Participant: 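Dropping the structure in here first, questions after.
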Amino acid sequence: MIRRLFCYTLIAGVLSVPCAHGQDAQAVIKTAEYALGMIRGPQRIDAVNTLEYWGTGSTYAFGQAYHPGSAWPEFKATYHASLSYGVPGMRVDVTRSNPDGPIQGGGGLPLAAPQRQIQVVSGRFAWNEPVPGAGFIAGSTAVPTPDAVNDRLLQLWMTPFGVLKMAAKAGAAAKVTTEAGATVITFPLSGAFEGISLKATLNAKNQVERVEARTNDPVLGDMFTETTYSDYKDLSEITTDVPFPSHIVQKQGGFPVLDLTITKADTNNPYVVFPVPDNVEKAPPSGVKVETQKVSDGVWYLTGGTHHSVAVEFKDYAVLVECPLNDDRALAVIDAVKKTIPNKPIRYVVNTHHHFDHLGGLRACAAEGATILTATGNKPYYEELWGRLPHTMKPDRLAKTPKKPVIEAVADKRVLSDGTQTLELYHLQGTSHADTMLIGYLPKAKVLIEADVYNPAPPNAPAGPVVKENVNLYEQIKRLNLDVQQITPLHGRLVTIADLKKAIGQN
C-alpha cells in the first residue's frame with residue numbers, strides 16, 4: 001500500500017478575520033512573502049510561480065505499523081518535486097528502498113528492489129506514472145487516481161510559498177494572532193476543503209516554520225497533521241534571494257510520514273509542465289463496486305475493488321471477514337452481504353489486522369451492530385481509538401448513530417460453528433507484516449482466508465522472487481495441519497494451494 005506521500009494539510013480557500021495587537025493581516029503576510037524572496041520586480045509582485053526541489057531522507061507508510069499504536073514503518077527515499085502554482089500542478093518522484101535494521105510493518109515492506117513512485121496532480125486530474133511521462137511515451141499508460149486530487153492539491157498549497165499565496169488571496173478574511181511569542185496566521189478553507197482550517201506559524205525571520213491542520217481520516221477521525229520547515233538556505237545552483245527550508249518533516253497521527261533533508265532547490269521559475277494524459281482526462285469518476293462470487297456452499301468472495309471481503313453463511317446469521325478502507329466501501333459490502341444472505345443478520349465481522357486500509361471500514365460494521373472479532377493486541381487499541389477520537393469533520397455512520405462497539409479478542413484460536421458451518425480463526429505466527437494478523441479457515445469448503453501475506457500475481461504473470469511472507473504462510477498452513485484447497489486473498493484473485501506452492505518454488 002502506498003497511502004501516503006501526500007499529506008492532508010492545506011489550502012485552496014480563504015482566510016478568516018482581523019488581527020492581534022492591531023496588526024494588519026495582509027501586512028504580516030506581505031512581510032513573510034518578502035522574507036521568502038517572493039516579492040520581486042519594479043511592481044513588487046509575487047514572482048515565484050514554479051519551483052523544483054530535491055532531497056533525501058525517509059518516507060513512512062501511514063497506518064501500516066507492525067504493532068498497533070506504534071510508529072509508521074520507514075523507507076529510505078530520494079525525493080524530487082516539481083511545482084506550478086499557476087496550473088496548479090505538482091509531480092512528486094520518489095524512489096523508496098528498504099530501511100536499515102529489522103524490517104517490520106506494511107506498505108510494501110520489504111521491497112525486493114528499490115521502488116520508484118511518480119504521483120502527479122494537474123488541475124482537477126491526478127494520476128500515477130509507472131515510468132516518467134507515462135501516457136505520452138509509446139507503450140506506457142498513466143494510471144488515473146481521481147480520488148487523490150484533493151490530497152495532492154493540498155500538498156501543493158502546503159509549501160511555504162503556497163501557504164502565503166493563498167493567504168494573500170484571502171484578503172480581509174485573514175486572522176493573525178501571537179502564540180508563545182510567534183506570529184500565527186489562521187484561516188478556514190473553502191470549496192472541496194470546506195470545514196478545514198489552516199494554522200501557519202512564522203519564525204523570528206518571518207519564514208513559515210510550521211503548518212497545522214485537522215482533516216478527516218476513516219480511522220483517526222479529525223486527524224491532526226503538522227508540517228515543520230527549518231534551516232532555510234539558498235539552495236539554488238545560481239545564487240538567488242529565495243531561501244528554501246533544508247529540512248522538512250511531516251507528521252500525521254503523531255508520527256512522521258516524511259522526513260527530508262533538501263539538498264537542492266530551483267526557485268528561479270524553472271520550466272515545468274503537467275500535461276494530462278488522454279486516458280486520465282477521459283477516465284470515469286471512481287465509484288464503489290462490489291462483485292460477488294460463490295466459492296463454495298455458504299461462502300462468497302466479495303471483490304470489485306482493491307480490497308476484498310468474504311461472507312460466510314451460518315444457520316441463523318452471517319459472518320463477514322474484513323470491512324476495509326472506509327464507510328463507503330464498508331456500507332457497499334454490508335449491502336452485498338444482505339442481498340447475498342438475506343434475512344440473516346451479520347453477527348460477527350472478522351478484522352484480519354490493524355493496518356488502516358483493513359481497519360478503515362470497521363466503524364460502519366460496528367454501527368451495524370456486529371460484534372468485531374480481532375486479535376487480542378488490537379482490542380485496547382481500537383477501544384482507545386473509538387473512545388477518544390472524534391469524527392466531526394466528516395461524520396461516519398457510527399458518529400451519526402452512536403453505539404458502543406462490541407469487540408471480542410482472539411488469542412491463538414477462535415472457532416465459530418453451528419453444526420452446519422464452521423469458521424476457524426488463527427493468529428498467524430512468523431509474519432513480519434503485522435503482529436496482530438489473523439487468518440481464517442473453512443474446513444468444510446477447505447478454503448483459507450488471508451490478507452497481505454500472499455497477494456497472487458495475475459494469471460500467466462512471469463514468476464517473481466520468492467517472498468518471505470508467502471513461505472511463512474505455507475509453513476503455518478502445514479503447522480496448523482489445515483487441508484487448504486482454495487485461497488481467497490483479500491488482495492488479488494481466487495487461487496488454489498497449488499498457486500501458493502508455485503509462488504514459493506514448491507510446484
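Predicted, not measured: the structure shown is a model, and the values here were computed from it.
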Participant: Among W72, F62, Y60, whose ring pair (Phe, Tyr, Trp, His ring centres under 6.0 Å) with F255 holds?
Facilitator: W72

Participant: Count the heavy atoms of every other residue, nucleotide or ligand shown that sit under 6.0 Å from CZ of R124, and state whether that count exceeds 12.
Facilitator: no

Participant: Can a salt bridge be assigned to the pair R397 and E368 using a cut-off of 4.0 Å between side-chain N and carboxylate O?
Facilitator: yes

Participant: Using the ring centroid of each side chain, check whether H308 and H491 are separated by less than 6.0 Å.
Facilitator: no

Participant: Strictly distance-based, threshold 3.5 Å: is any side-chain N or O of D499 a donor or acceptor partner for the main-chain N or O of T496?
Facilitator: yes

Participant: Please check if the side chain of Y301 supplies one atom and the backbone of P489 the other of a donor-acceptor pair under 3.5 Å.
Facilitator: yes

Participant: Do the side chain of K344 and the main chain of K315 share a donor and acceptor less than 3.5 angstrom apart?
Facilitator: yes

Participant: Donor-acceptor pair, distance only, cut-off 3.5 Å: does the side chain of T145 make one with the backbone of D147?
Facilitator: no

Participant: Tell me whether W300 contacts the main-chain N or O of A336 through its side chain, where contact means a donor paired with an acceptor under 3.5 Å.
Facilitator: no

Participant: Does E384 pair with K379 as a salt bridge, N-O distance under 4.0 Å?
Facilitator: no

Participant: Evaluate side chain to side chain donor-acceptor pair (under 3.5 Å) for E383 paired with Y381, printing each intermediate quantity in order.
Facilitator: CA-CA 5 Å; E383 289 173 339; Y381 179 58; over 6 Å; no

Participant: Would you check, one step at a time, whether the test side chain to side chain donor-acceptor pair (under 3.5 Å) holds for H391 with D222?
Facilitator: CA-CA 5 Å; H391 287 248; D222 301 349; 5.9 Å; no

Participant: Salt-bridge test for D396 and K400: reply yes if a basic N is under 4.0 Å from a carboxylate O, no otherwise.
Facilitator: no

Participant: Could you tell me whether the side chain of R493 and the main chain of A457 form a donor-acceptor pair under 3.5 Å?
Facilitator: yes

Participant: Is there a donor-acceptor contact under 3.5 Å from the side chain of N472 to the main chain of Q429?
Facilitator: yes

Participant: Can you list every ring pair (Phe, Tyr, Trp, His ring centres under 6.0 Å) pair that touches residues 435-489, not counting sequence neighbours?
Facilitator: none

Participant: E74: which residues meet the salt bridge (charged side-chain N to carboxylate O under 4.0 Å, His left out) condition with it, sequence neighbours left out?
Facilitator: none

Participant: In this structure, are over 12 heavy atoms from other groups packed under 6.0 Å from N343 atom CG?
Facilitator: no

Participant: Take W386 and L362, measure what side-chain contact (heavy atoms from CB on, under 4.5 Å) needs, and give me the verdict at the end.
Facilitator: CA-CA 10 Å; W386 295 348; L362 212 54; 4.0 Å; yes

Participant: For R152 and R91, indicate whether the former's side chain and the latter's backbone hold a donor-acceptor pair under 3.5 Å.
Facilitator: no

Participant: Looking at T159 and G162, would you say the former's side chain and the latter's main chain have a donor-acceptor pair under 3.5 Å?
Facilitator: yes

Participant: Verify whether the ring centers belonging to H433 and H355 lie closer than 6.0 Å.
Facilitator: yes

Participant: Tell me which one of H353, Q476, E469 satisfies side chain to side chain donor-acceptor pair (under 3.5 Å) with T431.
Facilitator: E469

Participant: Whether the side chain of K403 engages the backbone of A367 through a donor-acceptor N/O pair (distance < 3.5 Å, no angle test) should be reported.
Facilitator: yes

Participant: Would you call the rings of Y53 and Y79 parallel, tilted or perpendicular, taking 30° and 60° as the class edges?
Facilitator: parallel

Participant: Salt bridge or not for R347 and D316, using N-O below 4.0 Å?
Facilitator: no

Participant: Indicate whether any N or O donor in one side chain lies under 3.5 Å from an N or O acceptor in the other, for T436 and H354.
Facilitator: yes

Participant: Do NZ/NE/NH1/NH2 and the carboxylate oxygens of R363 and D327 come within less than 4.0 Å?
Facilitator: no

Participant: Q117 and D93: side-chain donor and acceptor closer than 3.5 Å?
Facilitator: no

